[in-house]
Amino acid sequence: MTVALSEEDEGKRVVDADGTEVGVVADVQHGTAHVEADEDRAEEMKTRFDAGEYGENTYALQDDDVASVDDDRLVLAAD
């Protein structure tokens, strides 16, 4: 299932498939969510996702990287 990311997702927490928080959506542009990663998860996320545009600890999520979106979080698709 593909999830459509939008500006409404800015500020939401990002969690992995196990529910562990990995960062926060800093910005969404053209279907790409730029996520500010928690310091202890930044390197792991950068090996899995493209680098984001907003700083050293950011990464970019595409629609198909996200399993689901609810009112306060994005859940990453399983590896």
Side-chain angles (χ1 to χ4, degrees):
M1 178 177 102
T2 300
V3 174
L5 299 171
S6 71
E7 290 179 2
E8 293 176 6
D9 297 317
E10 292 175 7
K12 291 183 179 180
R13 297 177 302 121
V14 179
V15 300
D16 64 17
D18 296 327
T20 303
E21 187 167 340
V22 297
V24 175
V25 177
D27 186 46
V28 178
Q29 293 183 9
H30 310 291
T32 300
H34 299 276
V35 177
E36 180 70 32
D38 291 341
E39 280 189 38
D40 58 335
R41 302 295 301 267
E43 288 305 314
E44 174 187 346
M45 294 296 104
K46 284 184 182 179
T47 61
R48 185 172 169 196
F49 303 105
D50 293 332
E53 299 178 3
Y54 295 97
E56 187 175 326
N57 289 335
T58 65
Y59 57 95
L61 294 179
Q62 303 302 314
D63 296 343
D64 58 353
D65 295 323
V66 179
S68 65
V69 177
D70 61 29
D71 291 339
D72 64 345
R73 68 182 190 161
L74 277 69
V75 179
L76 297 176
D79 290 337

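Atom set for the values below is all heavy atoms of this structure, side chains included, hydrogens, waters and symmetry mates excluded.
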- Message: Just to verify, which of V15, L61, T20 counts as forming a side chain to side chain contact (heavy atoms under 4.5 Å, CB included) with L76?
- Response: L61
- Task: Say whether, by atom type as modelled, one donor and one acceptor occur between the side chain of D16 and the main chain of D18 under 3.5 angstrom.
- Result: yes
- So, for V25 and A33, which heavy atoms are closest and what is the spacing to 0.1 Å? CG1-CB, 4.2 Å
- Task: Would you kindly confirm whether V28 and V24 end up in one hydrophobic cluster when ILVMFWY residues are joined by side chain heavy atoms under 4.5 Å apart?
- Result: no
- Task: Kindly give the heavy-atom pair with the smallest separation between T32 and A60, and that separation in Å.
- Result: CG2-CB, 3.7 Å
- Heavy-atom distance under 4.5 Å between the side chains of R73 and V75, does that happen here? yes
- Message: To the closest 0.5 Å, what do you measure between CG (D70) and CZ (R13)?
- Response: 8.0 Å
- Message: Nearest 0.5 Å, please: how far is CG in D9 from CG in D27?
- Response: 11.0 Å
- Message: Please report the interatomic distance CD(E10) to CG(L5), rounded to the nearest 0.5 Å.
- Response: 11.0 Å
- Would you indicate whether E8, at its atom CD, is surrounded by more than 12 heavy atoms from other residues, nucleotides or ligands within a distance under 6.0 Å? no
- Item | Distance (rounded to the nearest 0.5 Å) between Y59 OH and E36 CD | 9.5 Å
